[in-house]
Amino acid sequence: MCTTEEDFISEISILKEPNKTFFAYNEEPSFSGLKVLVTHNSGKTKTITKGFEINYTKPLSANLPQNVKVTVSYEGKEAGFNINYLDTV
């Protein structure tokens with residue numbers, strides 16, 4: 001009898017944060033340079049730079065500075081990092 005264990009994603013992590021993590025209040029963030037490490041239960045890993053979903057809540061007021069949590073989702077797994085909104089950049 002031969003059984004094959006299914007290879008699935010066990011976790012994701014932030015390998016490299018975006019090139020820029022500080023933004024002015026009215027500036028739309030760019031996530032250029034973001035790299036996500038995908039780890040499978042088999043131990044296999046791969047680095048991805050697209051194909052994931054990014055969620056964050058832009059500050060509702062200009063009461064700055066503000067630290068904002070960014071959540072990256074891929075295939076049901078999540079990882080995160082922070083960006084900052086400042087008066088000026």
Side-chain angles (χ1 to χ4, degrees):
M1 175 185 264
C2 180
T3 60
T4 303
E5 185 177 332
E6 183 179 341
D7 191 28
F8 59 88
I9 296 172
S10 58
E11 67 178 358
I12 66 169
S13 58
I14 304 303
L15 185 62
K16 182 185 173 296
E17 291 186 0
N19 298 332
K20 185 175 178 184
T21 57
F22 290 87
F23 302 94
Y25 173 66
N26 289 325
E27 187 178 0
E28 190 65 33
S30 165
F31 298 105
S32 174
L34 176 62
K35 292 183 180 182
V36 176
L37 182 66
V38 178
T39 304
H40 292 255
N41 64 312
S42 63
K44 179 178 72 173
T45 62
K46 70 177 178 178
T47 301
I48 59 173
T49 58
K50 59 185 176 181
F52 43 77
E53 185 177 318
I54 296 175
N55 291 299
Y56 67 98
T57 302
K58 190 168 182 177
L60 298 177
S61 72
N63 184 16
L64 303 172
Q66 288 189 33
N67 188 294
V68 174
K69 173 85 172 174
V70 176
T71 303
V72 178
S73 304
Y74 180 74
E75 299 290 325
K77 302 297 181 185
E78 293 184 344
F81 62 94
N82 293 317
I83 59 174
N84 298 281
Y85 281 93
L86 308 172
D87 289 327
T88 58
V89 178

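Worth knowing before you read on, the calculation uses all heavy atoms, side chains too, and leaves out hydrogens, waters and symmetry mates.
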Point to revise | Heavy-atom check, side chain of Y85 versus side chain of K58, under 4.5 Å | key: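 Yes, their side chains come closer than 4.5 Å.
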Exercise for review: For residues P65 and N84, determine if any side-chain heavy atom of one lies less than 4.5 Å from a side-chain heavy atom of the other.
Suggested key: no
Practice item. Inspect the surroundings of NZ in K69 and state if more than 12 heavy atoms from other residues, nucleotides or ligands are less than 6.0 Å away. Key: yes
Grouping I, L, V, M, F, W and Y whenever their side-chain heavy atoms are under 4.5 Å apart, do [X] and [Y] come out in a common cluster?
{"X": "Y56", "Y": "F52", "result": "yes"}
{"X": "I12", "Y": "I48", "result": "yes"}
{"X": "L37", "Y": "I54", "result": "no"}

Just how far is it from atom [atom1] of [X] to atom [atom2] of [Y], taken to the nearest 0.5 Å?
{"X": "T21", "Y": "N67", "atom1": "OG1", "atom2": "CG", "answer": "9.5 Å"}
{"X": "F23", "Y": "E28", "atom1": "CZ", "atom2": "CD", "answer": "9.0 Å"}
{"X": "N55", "Y": "T71", "atom1": "CG", "atom2": "OG1", "answer": "6.5 Å"}
{"X": "I83", "Y": "Q66", "atom1": "CD1", "atom2": "CD", "answer": "10.5 Å"}
{"X": "N63", "Y": "Y25", "atom1": "CG", "atom2": "OH", "answer": "10.0 Å"}

Write down the atom of [X], the atom of [Y], and the distance for their closest heavy-atom approach.
{"X": "S13", "Y": "A79", "value": "CA-CB, 3.9 Å"}
{"X": "T57", "Y": "V68", "value": "O-CG1, 3.3 Å"}
{"X": "S10", "Y": "N41", "value": "OG-N, 3.8 Å"}
{"X": "D7", "Y": "K44", "value": "OD2-NZ, 3.3 Å"}
{"X": "K35", "Y": "T49", "value": "CG-CG2, 3.9 Å"}

**Study point:** Option among K77, E11, K46 that satisfies the side chain to side chain contact (heavy atoms under 4.5 Å, CB included) test with T39
**Key:**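 With T39 as partner, K77, E11, K46 yield a single side chain to side chain contact (heavy atoms under 4.5 Å, CB included), made by E11.
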Exercise for review: Indicate the ring-plane relationship of F81 and F31, choosing parallel, tilted or perpendicular according to the 30° and 60° boundaries.
Suggested key: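 Rings of F81 and F31: perpendicular, as their planes differ by over 60°.
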